[in-house]
Amino acid sequence: MGWRHLVNAGPGAMLPAVLLAGCATTGGAPRPYLPAIDVPARGETQPVGTARADAADDPAIWRNAVDPAASLIVGTDKKAGLYVYGLDGKVRDFFAAGAINNVDLREVRMADGTTRILVAASDRTDRSDPRIALFWLDGATGKLTEIGSDTFLPAGHVPAEAYGFCLGGSLGQNELARAYVVLKDGTVAESGLYEKDGRIVPDFLRQVKFASQSEGCVVDDATGTLFVAEEDVGIWRVPLQGELKAEAFARVGAGDGLVDDVEGLAMARLPGSSWLVASSQGDNAYAVFDSASGKLAGRFRINGGAIDGTSDTDGIEVVLGDFGPQFPEGLFIAQDGDNAPDAQNFKLLSWRSIRQALGLD
């Protein structure tokens with residue numbers, strides 16, 4: 001399968017992607033897949049409310065620095081809205097927000113000097129008018145408060161469906177954060193999020209486009225890099241300073257450990273280095289890459305132990321740090337596409353277990 005090139009475009013433009021020469025193999029027999037090592041889940045969330053449907057999709061994690069065991073998880077039921085869970089997997093809150101697909105969160109500093117937890121998500125309730133849904137998360141109560149759902153593309157844009165979503169740190173003056181909405185046609189729209197008259201509003205800045213359906217994305221703030229998963233092709237790395245230009249990072253195929261679809265992406269950030277984790281949905285595995293070199297460090301599956309494993313995973317998330325005795329080095333979460341006989345849910349893993357299984361030291 002040939003790589004496809006990302007095209008950078010200014011406001012209002014919708015440019016076609018062009019093909020980049022190349023192929024999945026360079027001659028001879030393809031390299032075999034690196035075996036995936038089983039790592040058991042330590043916990044799981046209660047199922048989402050939409051039964052007998054592909055409903056649970058994407059998680060986000062807020063780490064409580066004062067009381068790590070009181071940290072919170074936000075997860076989407078893409079048919080109904082947003083759930084908030086504790087680390088025990090129990091529901092703390094549910095907000096009926098409609099068709100919320102992917103979610104992310106950030107602690108942001110407001111104009112009055114206070115710090116708040118901003119939750120943002122791709123809103124596909126109107127599939128011809130993509131929007132960003134915005135909420136406040138109360139870290140003490142676990143309750144969500146709606147800010148609003150705003151369109152972000154320029155007037156006259158081609159109808160498109162909001163799909164993937166991720167947040168990055170502020171890159172401009174007076175910004176709270178930078179939002180990236182991955183439209184189902186492969187367009188990635190970048191917007192700044194600003195505080196205005198008591199609301200948080202998106203301001204469209206620029207866009208880039210892939211040739212085929214894309215969804216998963218994550219921002220590495222330390223290097224100012226956006227990673228995007230083009231589902232049937234692979235993972236792209238997009239530096240955010242200056243002109244947007246994509247660089248091939250990992251491709252679908254045995255050599256890079258990815259079986260299409262490539263779905264959720266997550267960044268395990270360490271001082272001076274980081275690991276990029278990708279959902280290799282086609283073989284129910286997760287691939288871990290050195291985010292700087294692109295080298296495949298290992299693959300794992302969620303399996304074994306008292307809690308059932310995962311399959312057909314869409315969204316994933318990982319945050320490093322102390323989350324209490326169950327998750328002393330960090331927390332990894334993956335959506336489970338088949339949690340029968342119950343509805344879909346999210347599985348919780350210890351990052352230490354993943355690190356030790358793959359020898360990431």
Side-chain angles (χ1 to χ4, degrees), residues 6-15 60-63 65 74 102-123 129-139 144-157 160 162 164-183 187-209 217-228 236-247 265 267 269 271-272 274 291 319:
L6 182 77
V7 176
N8 56 294
M14 283 286 188
L15 300 180
I61 300 168
W62 175 68
R63 180 178 176 273
V74 179
N102 282 18
V103 65
D104 204 353
L105 59 81
R106 291 277 168 143
E107 290 190 0
V108 297
R109 183 169 293 278
M110 310 299 291
D112 63 5
T114 61
T115 298
R116 305 189 70 176
I117 308 167
L118 177 66
V119 175
S122 53
D123 186 350
D129 185 19
R131 291 174 174 266
I132 299 174
L134 297 161
F135 308 83
W136 295 123
L137 173 64
D138 187 317
L144 289 166
T145 302
E146 186 176 33
I147 301 172
S149 183
D150 289 301
T151 188
F152 55 91
L153 291 179
H157 68 81
F165 184 84
C166 56
L167 286 173
S170 170
L171 296 176
Q173 189 175 9
N174 299 322
E175 274 186 358
L176 296 179
R178 189 69 60 97
Y180 299 87
V181 182
V182 184
L183 306 180
T187 301
V188 182
E190 180 189 53
S191 299
L193 297 180
Y194 299 89
E195 182 181 1
K196 184 178 180 180
D197 300 328
R199 289 176 55 85
I200 307 300
V201 296
D203 183 21
F204 174 76
L205 300 171
R206 53 186 177 172
Q207 66 188 30
V208 293
K209 192 176 190 310
C217 70
V218 68
V219 176
D220 184 358
D221 287 336
T223 61
T225 306
L226 170 70
F227 292 87
V228 179
W236 296 91
R237 173 170 47 199
V238 186
L240 296 174
Q241 300 296 337
E243 181 182 5
L244 295 182
K245 184 178 180 182
E247 303 166 354
L265 300 178
M267 185 69 62
R269 299 174 179 90
S274 56
S291 67
V319 173

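All values derive from a computational prediction rather than experimental measurement. For this chain, numbers begin at 1 and follow the sequence in order.
- Every ring-ring contact (aromatic ring centres under 6.0 Å, His included) that Phe135 has, sequence neighbours left out, goes to Phe95.
- Across all non-hydrogen atoms, the minimal contact from Asp129 to His157 is OD1-NE2, 3.7 Å.
- Taking CG of Leu226 as the start and CG of Leu265 as the end, the distance is 9.0 Å to the nearest 0.5 Å.
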**OP:** Give the C-alpha distance, both sets of side-chain angles, the deciding distance and a yes or no for side-chain contact (heavy atoms from CB on, under 4.5 Å) between Cys217 and Asn102.
**Re:** CA-CA 10 Å; Cys217 70; Asn102 282 18; over 6 Å; no
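- Shown here for Arg109 and Leu176, the closest heavy-atom pair between the two residues is O-CD2, 3.2 Å.
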Sequence neighbours excluded and cut-off under 3.5 Å, please list the side-chain donor-acceptor pairs for residues 110-120, or say none.
from   : atom 1 : to     : atom 2 : distance (Å)
Asp112 : OD1    : Thr114 : N      : 3.0
Asp112 : OD1    : Thr114 : OG1    : 2.6

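- Counting heavy atoms from C-beta on, the side chains of Val228 and Val208 never come closer than 4.5 Å.
- For the pair Arg106 and Asp221, the salt-bridge criterion is met [side-chain N within less than 4.0 Å of a carboxylate O].
- Checked against salt bridge (charged side-chain N to carboxylate O under 4.0 Å, His left out), Glu175 has the following partners two or more places apart in sequence or in another chain: Arg178.
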Original post:
Passes side-chain contact (heavy atoms from CB on, under 4.5 Å), Leu240 versus Glu190? Steps please.
Top reply: CA-CA 10 Å; Leu240 296 174; Glu190 180 189 53; 4.3 Å; yes
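- Summarising the geometry, atom CE belonging to Met267 is positioned 6.5 Å from atom OG1 belonging to Thr223; distances are rounded to the nearest 0.5 Å.
- Without hydrogens or angle criteria, Asp104 side chain to Leu167 main chain gives a donor-acceptor distance under 3.5 Å.
- Here Ala162 pairs with Ser122, Pro130, Val181 under the side chain to side chain contact (heavy atoms under 4.5 Å, CB included) rule; sequence neighbours left out.
- A 4.5 Å side-chain heavy-atom check between Val182 and Val188 finds at least one atom pair inside the cut-off.
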Original post:
Given Leu193 and Leu134, is the side-chain contact (heavy atoms from CB on, under 4.5 Å) satisfied, shown in steps?
Top reply: CA-CA 10 Å; Leu193 297 180; Leu134 297 161; 4.3 Å; yes
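- Minimum interatomic distance between Leu244 and Pro239 (heavy atoms only, all atoms of both residues): CD2-O, 3.6 Å.
- Judged purely by atom type and a 3.5 angstrom limit, Arg199 uses its side chain to pair as donor or acceptor with the backbone of Ile147.
- In this structure, Tyr194 and Gln173 approach most closely via the heavy-atom pair CE2-O, 3.7 Å.
- With Phe227 as reference, Val218 is the one residue of Val238, Val218, Val219 to meet the side-chain contact (heavy atoms from CB on, under 4.5 Å) rule.
- For Asp138, the side chain to side chain contact (heavy atoms under 4.5 Å, CB included) partners are Ala140, Thr141, not counting sequence neighbours.
- Of all non-hydrogen atoms in Phe204 and Phe152, the two that sit nearest each other are CB-O, 2.8 Å.
- Within the model, atoms OG of Ser191 and CD1 of Ile132 stand 5.0 Å from one another, a figure rounded to the nearest 0.5 Å.
- Listed by chain and number, the residues in a side chain to side chain contact (heavy atoms under 4.5 Å, CB included) with Ser149 are Asp123, Arg131, Ala133 (sequence neighbours excluded).
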